[in-house]
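Counting from 1, the numbers follow the sequence of the chain as shown. Just so we're clear, the structure is a prediction, and the values are computed from it rather than from any experiment.
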Amino acid sequence: MSNLLQCLAGSTIHMVGIGGISMSGLCEILLSMGINVTGSDEKNSPNVERLRLKNVPVFLKQEPSNITDQKLVVYTAAMPENHPELEEARRKGIPVIDRAALLGEIMNMYERSIAVSGTHGKTTTTSMISFCLMEAGMDPTVHVGGILDAIGGNTRIGSSLYFVTEACEYKDSFLKFNPYMGIILNIEPDHLDYFHDINQLTDSFLNFACHVPPEGIVVGNADDEHVLNILEKLNCRTVTYGLTSPKSFWTARNITFDDNGFPSFHVVRGKKSVLRMKLSVPGLHNVSNSLACFAACSALNIPAEVIKNSLRKFKGTHRRFEHKGTVDGIKVVDDYAHHPTEVIATLKSARSCTRGKVLCVFQPHTYTRTRQLIDEFSKAFTLADKVYVTDIYSAREKDTGLIHSTDLVKRINEHLNNAVYIPSFEGIVDSLIRDSSAGDLVLTMGAGDVDKVGELFLAEKKIMAVG
């Protein structure tokens with residue numbers, strides 16, 4: 001156990017924002033170490049309810065009185081410095097650290113920690129690698145930013161030296177990690193409320209890679225120029241993968257797709273075909289993610305056949321092209337895509353598995369991202385027949401009045417003329433009912449609560465069928 005966590009055994013930690021996907025998982029890991037936890041959040045959620053079943057006291061009103069005799073307070077990066085619980089902790093002299101620092105302390109307990117970074121694909125690739133380690137009998141501890149059915153949630157407590165987690169770049173969070181293996185999937189402009197430009201962002205990823213020790217390994221996507229430049233500057237062992245770059249040690253050839261959009265391909269290692277692979281998740285981007293998994297797991301001495309069989313069984317995580325249901329011949333799919341590149345990749349997957357219309361419901365995520373990437377967003381919906389844009393999901397931000405969903409709709413229509421702004425989920429459902437027919441695909445996209453639209457649509461259509 002790390003020095004910090006060893007000192008806290010038997011004591012109580014308070015977690016501000018405990019219902020978050022990462023914080024709730026970290027809570028479960030702390031409980032497994034014999035550390036008591038209290039927490040607070042702004043609202044109830046399935047994560048909160050799950051923790052309450054484990055006898056974790058969770059306050060749904062965040063106020064100074066929640067801070068009593070805890071020995072440490074942990075908060076998410078989205079919390080303001082003047083949060084009342086943080087101020088009370090500091091007033092009482094209780095140490096305060098952010099979520100990433102806690103995760104870094106936990107990672108230090110494991111000899112073989114694996115951190116998956118990148119602008120896109122972290123949750124899926126982390127889940128793929130975790131599933132392969134589990135199938136190989138390596139009993140990893142897993143901390144993933146989504147719900148993975150194979151582990152019954154977002155966290156798995158193992159008993160080996162392996163720990164697998166996502167590594168988020170927001171506010172340089174991943175610089176608090178010292179992994180044995182670092183994986184960089186891609187680097188694109190994002191989190192521009194913190195990073196000034198792509199150069200600062202790339203420097204942060206380089207710093208992250210430099211945290212891997214000389215005896216460690218960095219796996220990187222050779223198709224991404226920024227990633228390739230980082231790999232060339234490192235002293236540790238590096239392994240490349242990619243779909244197009246001649247510098248890819250792991251690549252794929254003869255890629256085909258079935259009617260569900262599931263790809264089949266030859267896995268190539270060092271220019272030699274190793275095996276023929278078929279995935280159970282759709283899209284070319286998942287071919288790339290699976291190659292990252294092959295590169296990482298092979299470096300951990302997992303046989304290629306074990307990786308193949310594991311990935312064949314892998315069904316994805318919740319909110320990553322998740323099939324929510326089919327009604328009257330209309331398929332409903334939900335995806336977490338909230339960056340232009342992710343939107344394009346998800347729409348390609350949608351188009352590959354339907355012969356009907358693709359009706360896309362998009363919920364922009366944060367004012368900063370929408371405003372700074374509006375040009376890229378405006379061109380990302382080419383493969384959608386119609387785009388229903390909701391209000392912007394504010395997440396950690398406040399509305400400055402500088403951007404509105406109608407601005408995005410206007411820009412999309414300048415290129416494609418296929419977008420409409422509808423503020424309420426009920427209004428979108430009404431429009432979907434009018435616009436959809438058998439053979440179509442309704443796709444909800446965004447990192448907020450847009451998945452509720454698909455659930456409402458399915459429920460309303462079923463009621464109509466009964467009536």
Closest approach of [X] to [Y] (non-hydrogen atoms, all atoms of both residues):
X      : Y      : value
Ala9   : Ile35  : CA-CG1, 4.1 Å
Ile230 : Leu234 : O-CG, 3.3 Å
Val332 : Gly454 : CG1-CA, 3.8 Å
Ala337 : Thr346 : CB-OG1, 3.6 Å
Phe314 : Val281 : O-CG1, 4.0 Å
Arg156 : Pro140 : NH1-O, 2.6 Å

Check whether any side-chain heavy atom of [X] lies under 4.5 Å from a side-chain heavy atom of [Y], and answer yes or no.
X      : Y      : value
Leu86  : Glu81  : no
Val73  : Glu85  : no
Thr141 : Ile106 : no
Ile344 : Thr341 : no
Phe163 : Leu103 : yes
Phe257 : Cys353 : no
Glu169 : Ile187 : no
Pro179 : Val212 : yes

Between His285 and His120, is the ring centroid distance below 6.0 Å?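 No: the rings miss the under 6.0 Å criterion.
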Would the Phe205 and Phe174 ring centres measure less than 6.0 Å apart?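 Here the rings of Phe174 and Phe205 have centres that are less than 6.0 Å from each other.
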Any donor and acceptor pair, going by atom type alone, linking the side chain of [X] with main-chain N or O of [Y] inside 3.5 Å?
X      : Y      : result
Asp98  : Ala101 : yes
Thr251 : Gly242 : yes
Asn207 : Asp203 : no
Thr119 : Glu188 : yes
Glu397 : Tyr367 : yes
Lys308 : Ala304 : no
Asn221 : Asp223 : yes
Ser280 : Arg312 : yes
Ser117 : Ile183 : yes
His211 : Phe177 : yes

Less than 4.0 angstrom from a charged side-chain N to a carboxylate O is my criterion; do [X] and [Y] meet it?
X      : Y      : value
Asp258 : Lys278 : yes
Glu232 : Lys247 : yes
Glu455 : Lys452 : no

Decide whether [X] and [Y] meet the rule of one side-chain donor and one side-chain acceptor closer than 3.5 Å.
X      : Y      : answer
Arg269 : Ser298 : no
Asp139 : Ser159 : yes
Asn47  : Arg50  : yes
Ser40  : Gln62  : yes

Quick one: [atom1] on [X] to [atom2] on [Y], what's the gap to the nearest 0.5 Å?
X      : Y      : atom1 : atom2 : result
Asn309 : Glu135 : CG    : CD    : 8.5 Å
Phe294 : Ile307 : CZ    : CD1   : 5.5 Å
Phe381 : Leu408 : CZ    : CG    : 6.5 Å
Phe457 : Lys462 : CZ    : NZ    : 11.0 Å
Asn289 : Ile129 : CG    : CD1   : 9.5 Å
Arg253 : Ser273 : CZ    : OG    : 10.0 Å

Given Asp449, Asp451, Asp391, Thr444, the one that forms side-chain hydrogen bond (donor to acceptor under 3.5 Å, both in side chains) with Gln363: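 The side-chain hydrogen bond (donor to acceptor under 3.5 Å, both in side chains) with Gln363 is passed solely by Asp449 among Asp449, Asp451, Asp391, Thr444.
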With side-chain hydrogen bond (donor to acceptor under 3.5 Å, both in side chains) as the test, pick out the partner of Glu166 among Thr123, Thr126, Thr125.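 So the option named by the test is Thr123.
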If you apply the rule side-chain contact (heavy atoms from CB on, under 4.5 Å), what do you find for Leu311 with Cys293, and how did you get there? CA-CA 9 Å; Leu311 290 178; Cys293 180; 4.0 Å; yes
Ring-face cation of Arg112 near Tyr162 (centre distance under 6.0 Å, axis angle within 45°):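 Relative to the ring axis of Tyr162, which defines the angle, Arg112 lies outside at least one limit.
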CA sep, side-chain torsions, deciding dist, call: Lys348, Leu383, side-chain contact (heavy atoms from CB on, under 4.5 Å): CA-CA 7 Å; Lys348 284 181 179 178; Leu383 295 178; 3.6 Å; yes
Run Asp335 and Lys324 through salt bridge (Lys or Arg N to Asp or Glu O under 4.0 Å) and show every step you take. CA-CA 10 Å; Asp335 196 89; Lys324 304 292 287 188; over 6 Å; no
Can you establish whether the number of heavy atoms outside [X] located under 6.0 Å from its atom [atom1] is more than 12?
X      : atom1 : answer
Gln200 : CD    : yes
Asp197 : CG    : yes
Glu215 : CD    : yes

Tyr388, Phe377, Tyr393 screened by ring-ring contact (aromatic ring centres under 6.0 Å, His included) with Phe362, the one that passes: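 When ring-ring contact (aromatic ring centres under 6.0 Å, His included) is applied between Phe362 and each of Tyr388, Phe377, Tyr393, only Phe377 qualifies.
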Set out, in order, the CA-CA distance, both residues' side-chain angles and the distance that settles side-chain contact (heavy atoms from CB on, under 4.5 Å) for His226 and Ile198, then state yes or no. CA-CA 9 Å; His226 301 298; Ile198 189 65; 3.8 Å; yes
List the steps and the verdict of side-chain contact (heavy atoms from CB on, under 4.5 Å) for Ser245 and Thr240. CA-CA 10 Å; Ser245 173; Thr240 58; over 6 Å; no
